[in-house]
Engineer: 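Before I ask anything, here is the structure I am working with.
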Protein chains: 2
Amino acid sequence: MNNYLQTHRYLLQFAIKPSVQRTAVMDYLLKNRTHPTIDEIYSALSPSMPTLSKTTVYNTLNLFLEKGAVQQLVIDEKNARYDIDMSLHAHFICKQCGKVHDIFNLKPELFEKPENTGFSIQNVEISYSGICNSCKGN
Amino acid sequence: MNNYLQTHRYLLQFAIKPSVQRTAVMDYLLKNRTHPTIDEIYSALSPSMPTLSKTTVYNTLNLFLEKGAVQQLVIDEKNARYDIDMSLHAHFICKQCGKVHDIFNLKPELFEKPENTGFSIQNVEISYSGICNSCKGN
DNA sequence: ATTAATTTTATAACGAGTACAAAGATAAAA
DNA sequence: TTTTATCTTTGTACTCGTTATAAAATTAAT
């Protein structure tokens, strides 16, 4: 499989020692830009990787976080969600279906760290919530 | 007690039927602008209200939320936090001590709902994270 | 005063996430 | 290659925030 090597190399860029599990998880994140939860990742990979443990998925994503390969979204009260897209963008969560969507093309000023707050700000997270169009009718 | 009546009236403004417990919780929120967790509220009130149940605190804050008297902050991975300040402001959470601080005086444009996203946005939440000055030295 | 409706309370249950220790896999040394 | 050491994965148990539920208590209505 060709992708395996690509993802393998991708992991090395973040100084993450590749393993079968880590490569599978990263591959899933690269191909599924849906801000998945741990459970969604586990459920998706489990069929083709029956020995996979959910603990491994937790460990793997904590490692990816440390290494700066993913960001954790704190937008969903229920679960943590993960995003490999590290570019400046915001998110929308539908209060009904719970799906999280990207919002790109916002003015870069929105992501600037405010000055003179008395805090050393490392991270900015902009989250919108409401109802998505699919849920609108219901 | 004079405050009791004030808080009582405050609750009525949001069409919340006052009770001893609800008044105590709202009074706490009005006086402690620290974005407390359920547990912090419960622990603070419990000594002077020994029969208070933590479930009541949960129920009460869910009611306040429904009635629009408080907003729930989704900034702390561990617990939900609550804020009676409904004005346009952002928050900073210290990754070390976990305290949540207000950030006022940001440009109002930051809180505008982006157009043409395909979602009906009801809410905007801007969250910063990093290390606060008290934790800086450690 | 009785009855009905709300609210509070305690307990149990659920589910996300972590701790831990054993088993398995990989890398290094001999 | 074998042995040894290190790292990774796995399953289980556990913690803790939150919700479900049903009984008890309080408040409102008749």
Side-chain angles (χ1 to χ4, degrees), chain A residues 4 7-8 11-12 14-28 35-67 69-70 72-82 93 95 98 100, chain B residues 4 7-8 11-12 14-28 35-67 69-70 72-82 93 95 98 100:
Chain A
Y4 188 88
T7 308
H8 202 272
L11 287 173
L12 290 174
F14 293 96
I16 296 165
K17 206 182 286 179
S19 71
V20 180
Q21 291 83 348
R22 289 170 183 176
T23 306
V25 170
M26 182 51 89
D27 194 57
Y28 180 82
H35 323 91
T37 64
I38 293 288
D39 212 71
E40 285 166 355
I41 299 169
Y42 173 75
S43 299
L45 299 181
S46 185
S48 58
M49 241 186 142
T51 71
L52 182 65
S53 161
K54 199 178 281 188
T55 304
T56 299
V57 183
Y58 275 103
N59 291 341
T60 300
L61 276 136
N62 284 333
L63 178 68
F64 288 2
L65 258 185
E66 275 172 38
K67 296 293 188 177
V70 300
Q72 190 181 46
L73 304 184
V74 184
I75 187 177
D76 183 339
E77 302 139 59
K78 310 288 177 194
N79 324 297
R81 293 180 168 275
Y82 298 90
I93 184 167
K95 284 175 184 171
V100 173
Chain B
Y4 188 87
T7 308
H8 202 274
L11 287 173
L12 290 174
F14 293 96
I16 297 165
K17 206 182 286 180
S19 71
V20 180
Q21 291 83 349
R22 289 171 183 176
T23 306
V25 170
M26 181 53 88
D27 195 56
Y28 180 82
H35 323 92
T37 63
I38 294 287
D39 212 72
E40 285 167 355
I41 299 169
Y42 173 75
S43 300
L45 298 180
S46 185
S48 58
M49 242 186 143
T51 70
L52 182 65
S53 160
K54 200 178 281 189
T55 305
T56 300
V57 183
Y58 275 102
N59 292 340
T60 300
L61 276 136
N62 284 333
L63 177 68
F64 289 2
L65 258 185
E66 276 171 38
K67 297 292 188 174
V70 300
Q72 189 180 47
L73 305 184
V74 184
I75 186 176
D76 182 338
E77 302 139 59
K78 310 287 177 195
N79 325 296
R81 292 179 170 275
Y82 299 89
I93 184 167
K95 285 176 183 169
V100 173

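Convention: sequence-line order gives letters A, B, ...; per-chain numbering from 1. This one's a predicted model, so the numbers in the text were calculated from it and none came from an experiment.
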Engineer: Look at the side chain of A/Arg22 and decide which nucleotide, out of C/dT9, D/dT8, C/dT18, has an atom nearest to it.
Structural biologist: D/dT8
Engineer: Expressed in angstrom and rounded to an integer, what is the separation of B/Tyr82 atom OH from D/dG17 atom P?
Structural biologist: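 Atom OH in B/Tyr82 sits about 12 Å away from atom P in D/dG17.
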Engineer: With a 4.0 Å cutoff (strictly under), does any side-chain N or O of A/Gln21 reach OP1 or OP2 of D/dT10?
Structural biologist: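 Yes, within the criterion.
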Engineer: Has the side chain of A/Arg81 got a donor or acceptor atom that lies under 3.5 Å from a matching backbone atom of A/Ile75?
Structural biologist: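 Answer holds: no.
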Engineer: Do the side-chain N or O atoms of A/Asn62 get closer than 4.0 angstrom to the phosphate oxygens (OP1, OP2) of C/dG17?
Structural biologist: no
Engineer: Counting any heavy atom closer than 4.0 Å, what does A/Asp76 reach on the DNA or RNA strands: base, sugar-phosphate only, or nothing?
Structural biologist: nothing
Engineer: Can you tell me the distance, in whole Å, between the CG atom of B/Leu63 and the P atom of C/dT6?
Structural biologist: 13 Å
Engineer: Rounded to the nearest Å, what distance is computed from the CD atom of residue A/Gln72 to the C1' atom of nucleotide C/dA16?
Structural biologist: 12 Å
Engineer: If you check every side-chain atom of B/Lys17, which of C/dT6, D/dG11, C/dT9 has the closest atom?
Structural biologist: C/dT6
Engineer: How many angstroms lie between CD1 in B/Ile38 and CG in B/Asn62, if you round to the nearest 0.5 Å?
Structural biologist: 7.0 Å
Engineer: Looking at C/dT9, C/dT6, D/dT18, which one has an atom nearest to any side-chain atom of B/Tyr58?
Structural biologist: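 It is D/dT18.
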Engineer: Looking only at heavy atoms, what is the nearest atom pair of A/Leu63 and A/Ile16, with distance?
Structural biologist: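 Heavy-atom minimum between the residues: CD2-CG2, 3.9 Å.
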Engineer: Under 3.5 Å, side chain of B/Arg22 to main-chain N/O of B/Thr60, donor-acceptor pair present?
Structural biologist: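 Such a contact is absent between B/Arg22 side chain and B/Thr60 backbone.
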Engineer: Once you round it to whole Å, what is the distance between C1' of C/dA16 and NZ of B/Lys78?
Structural biologist: 10 Å
Engineer: For the pair made of CD in A/Glu77 and P in D/dT18, what is the distance, rounded to whole Å?
Structural biologist: 9 Å
Engineer: As a test of reading the structure: which of D/dT19, C/dT8, D/dT9 is closest to the side chain of A/Asn59, going by heavy atoms?
Structural biologist: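 So the side chain of A/Asn59 is nearest to D/dT9.
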Engineer: Where the side chain of A/Thr55 is concerned, which of D/dT18, C/dT11, D/dT10 is the nearest nucleotide?
Structural biologist: D/dT10
Engineer: Quick one: label A/Thr51 by what it contacts on the DNA or RNA (base, sugar-phosphate, nothing), any heavy atom closer than 4.0 Å.
Structural biologist: sugar-phosphate
Engineer: Could you state the atom-to-atom distance from CG of A/Leu45 to P of D/dT10 in whole Å?
Structural biologist: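 Rounded to whole Å, this separation is 11 Å.
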Engineer: What is the separation between atom CG on A/Asp39 and atom C1' on C/dT18, rounded to the nearest whole Å?
Structural biologist: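 From A/Asp39 CG to C/dT18 C1': 16 Å.
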Engineer: Ignoring the backbone of B/Leu52, work out which of C/dT9, C/dT18, D/dT19 is nearest its side chain.
Structural biologist: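 Selected nucleotide: C/dT9.
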Engineer: Are B/Val25 and B/Leu45 close enough that some pair of their side-chain heavy atoms sits under 4.5 Å apart?
Structural biologist: yes
Engineer: Taking only the side-chain heavy atoms of A/Thr56 (C-beta and beyond), determine which of D/dT19, D/dT10, C/dT18 contains the nearest atom.
Structural biologist: D/dT10
Engineer: Whole Å only: how far is the OH atom of A/Tyr42 from the P atom of C/dG15?
Structural biologist: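 Those two atoms, OH and P, are 15 Å apart.
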